[in-house]
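Take a look at the structure set out below.
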Amino acid sequence: MHGIIAVTVTPFLEDGKIDYAAAEKHIEKLLAASVHGFLPLGATGEFAALSMDERKAYAEFFIKKVNGRAPVMIGAVSMNVDDTLEVARHAASIGADALMILPPPGLHPSQEEIYRFYQHISANVTLPVMVYNNPGSSGVDIDPETLERIATLPHMDYLKESTGDIKRLT
């Protein structure tokens, strides 16, 4: 994956169900704008507002509608590592290209616990993973030293750095 990866929204109908027609229009508009890939079911994709069945159904819909025209990275974020892995296994089974995984939100793990979390993920996934460092969403900042350790693990291929500290990227 490279270039502009659109972190997509999940549109809803007034009754709270997913608006698949609006989602399809959004996908087509982004493809027409030449995005290089998609990332549904991240924070802006309202993953926390969806049941596991809804997450799976939306991921399946997304993969089907994109139909190989661009890579799709599925957001696999949860407070529960088993749920994260369930989303990851499902994403692999439907042809997703990668996963985005944030440290479990709201749990405030230590740096060693963050490393162990990604180590467990690494041992149990088959797709490339984007490690997502977003203290605003997870409640914890992954230290650069911890990121270096995580980067040595299998499947940890990408980083989404969202601390807002441009100096940190260097």
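All of these numbers come straight from a predicted model, not from anything done at the bench. No hydrogens, no waters, no symmetry mates; every other heavy atom, side chains included, goes into these values.
You'll find the side chain of Tyr118 stays beyond 4.5 Å of the side chain of Thr146, heavy atoms only. Contact of the Val87 side chain with the Met52 side chain is registered, since non-hydrogen atoms from C-beta on lie closer than 4.5 Å. Contact annotation: the side chain of Leu50 approaches that of Leu41 to within less than 4.5 Å [non-hydrogen atoms, C-beta and beyond]. The side-chain heavy atoms of Ser137 and Pro105, taken from C-beta on, include no pair separated by under 4.5 Å. Put simply, the side chain of Ile142 reaches to within 4.5 Å of the side chain of Pro103, judged on heavy atoms. Using a 4.5 Å cut-off on side-chain heavy atoms (C-beta onward), Ser162 and Lys160 make contact.
Screening Ile114, Asn134, Asn133 for a side chain to side chain contact (heavy atoms under 4.5 Å, CB included) involving Val140 leaves a single residue, Ile114. Exactly one residue among Gln111, Glu112, Gln119 makes a side chain to side chain contact (heavy atoms under 4.5 Å, CB included) with Arg149. That residue is Glu112.
Here the CE-CE distance, from Met100 to Met1, works out to 11.0 Å after rounding to the nearest 0.5 Å.
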Requested in this report: Evaluate the side chain to side chain contact (heavy atoms under 4.5 Å, CB included) criterion for residues Leu85 and His120: first the C-alpha distance (whole Å), next the side-chain angles of each, then the deciding distance (0.1 Å), finally the verdict.
Outcome: CA-CA 10 Å; Leu85 290 173; His120 183 70; 3.6 Å; yes

Query raised in the report: Is there a side chain to side chain contact (heavy atoms under 4.5 Å, CB included) between Ile121 and Val81 once you walk through the steps?
Result: CA-CA 8 Å; Ile121 296 296; Val81 69; 4.0 Å; yes

Let me have the donor-acceptor pairs involving side chains of residues 2-13, under 3.5 Å, with sequence neighbours excluded, atom names and distances please.
unit_1: Thr10; atom_1: OG1; unit_2: Gly45; atom_2: O; d: 2.5

Let me have the donor-acceptor pairs involving side chains of residues 21-34, under 3.5 Å, with sequence neighbours excluded, atom names and distances please.
unit_1: Glu28; atom_1: OE1; unit_2: Arg69; atom_2: NH1; d: 3.0
unit_1: Glu28; atom_1: OE2; unit_2: Arg69; atom_2: NH1; d: 3.4
unit_1: Glu28; atom_1: OE2; unit_2: Arg69; atom_2: NH2; d: 2.7

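For His90, the side-chain hydrogen bond (donor to acceptor under 3.5 Å, both in side chains) partners two or more places apart in sequence, or in a different chain, are Glu60.
Between Tyr20 and Tyr58, the angle of the ring planes lies from 30° to 60°, which puts this pair in the tilted group.
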